[in-house]
Amino acid sequence: MKILVTGTEGYIGARLAPWLMAAGHEVFGLDTGLYRDGCLYMDSVGMPAAPKTLYRDLRTVTPADFAGFDAVVHLAELSNDPLGQNRPEITYKINHEGSVRIARAAREAGVRRFVYASSCSVYGVGSGEFLDETAPVNPQTAYAECKVRVERDVRPLADDSFSVVFLRNATAYGPSPRMRFDIVLNDLCALAWTKKKIAMVSDGSPWRPIVHIEDICEAMRCAVEAPAEAINAEIFNVGASAENYRVREIAAIVAGAFPGCEVTAGPPSKDNRSYRVAFDKIATRLPGFEARWTAERGALELRALFERIELSPETFEFRAFTRLKQLKYLQRTGQVDADLYWSAR
Ligand SMILES: NC(=O)c1ccc[n+]([C@@H]2O[C@H](COP(=O)([O-])OP(=O)(O)OC[C@H]3O[C@@H](n4cnc5c(N)ncnc54)[C@H](O)[C@@H]3O)[C@@H](O)[C@H]2O)c1
């Protein structure tokens, strides 16, 4: 298939494009390139296979940009609450309105498949029970609220000629050239490696399902290739039920993979997000999908990567690997404007 992947310059997209190419697809990218100056490692598989990419802001796309594609896998968004309380409207403009614009444009252009990278963060706060795709959503942030709105607004576009599927990914971990150290397992592993100390920012009690980046890529491949009737208008949580952990359990797993580390807890967090998620549907109803990774194996893989590339504290703390730091830097230095468009200088 000829596939347009948005967000190919980001954490998941940088792994997904070569993953789909290796499965025999013709892949093109679309990204505005906010994190391009961060590259954690050069990869003999990933980098040379980088797709031909259209450097565009998704808020400006038109149906003409999607002509000739069989499928769109849409990842490009602000991937956490970057400007926080101050300007949540940018998150709504890009993540909600921008994503709906992409889906409509793709449909109008005759694209037959649309795969959306949603998130388990839509569940927000649960009381510890396993939440499946039918559980009520309870978004706690603008980011999560946008995921709910995109699902709500894109679902009615589904019909016999345009199939849509919503993949609610657990929090990802694992290596990517466009690394993120602002997500839990990657962060704790890098703390363990560079500081020999895993300082949790909370008391470690919140529940988080986590999933390896390759399992996400595989779910996306399966969603693109599945018979339309198996997936059209469906939501799938992406992960494995056994991979729900309290943050302190993740810290203990990381400490096991990085011997000699001290683990410390912080005060109870004001961030009350905590959710435990059921992943039975994807295991049984997404043809071909099987989650293969565990947190333990993922932590060992990251240790091997950090050893190989000699990860330094400076690299770990480099702004481009923490999404919020990079966006603030680009704004402070006038490289992007207040709305996160590249400045015309
Ligand atoms: N990483 C996770 O743990 C996780 C979990 C659940 C869901 N997701 C979702 O998966 C998707 C990808 O996540 P990621 O971790 O790779 O994020 P990321 O921040 O690493 O990548 C997002 C990419 O989108 C691009 N982008 C942002 N705004 C854009 C715009 N206006 N126009 C064009 N491009 C734009 C950025 O330049 C970046 O390359 C996101 O939608 C995210 O919400 C991620």
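If you're wondering where the values come from, they're calculated on a predicted model, not measured in any experiment. Hydrogens, waters and symmetry mates are skipped; everything else that's a heavy atom, side chains included, is used. Indexing begins at 1, ligand by ligand and atom by atom, following the structure's order.
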- Ring centre gap for Phe318 and Phe321 strictly below 6.0 Å: yes
- Note on the structure: Note: Arg168, heavy atoms under 4.0 Å from ligand 1, region reported as neither
- Query: Which ligand 1 atoms does Ala172 reach within 4.0 Å, using its non-hydrogen atoms?
  - Reply: 1 (N), 2 (C), 3 (O)
- Do any nitrogen or oxygen atoms of Thr171 come within less than 3.5 Å of a nitrogen or oxygen of ligand 1? no
- Task: May I ask you to check whether Leu30 has an N/O atom sitting below 3.5 Å from an N/O atom of ligand 1?
- Result: no
- Query: If you round to the nearest 0.5 Å, how far is NE2 of His74 from CZ of Arg101?
  - Reply: 12.0 Å
- Note on the structure: Ser119 heavy atoms within 4.0 Å reach ligand 1 at atoms 6 (C), 7 (C)
- Answer yes or no on whether Lys281 is positioned over the face of Phe236, meaning its NZ or CZ is under 6.0 Å from the six-membered ring centre and within 45° of the axis. yes
- Indicate yes or no: does an N/O atom of Leu78 lie under 3.5 Å from an N/O atom of ligand 1? no
- Would you call the rings of Phe114 and Tyr116 parallel, tilted or perpendicular if under 30° counts as parallel and over 60° as perpendicular? parallel
- Message: Do Arg178 and Tyr11 form a cation-pi contact, if we require the NZ or CZ to be under 6.0 Å from the six-membered ring centre and within 45 degrees of the ring's axis?
- Response: no
- Ile94 N/O to ligand 1 N/O under 3.5 Å: no
- Cationic tip of Arg323 above Tyr35 ring, under 6.0 Å, 45° of axis: yes
- Note on the structure: ligand 1 atoms nearer than 4.0 angstrom to some heavy atom of Ala170 are 5 (C), 6 (C)
- Task: Enumerate the atoms of ligand 1 whose separation from the nearest heavy atom of Ile12 is less than 4.0 angstrom.
- Result: 1 (N), 10 (O), 13 (O), 16 (O), 44 (C)
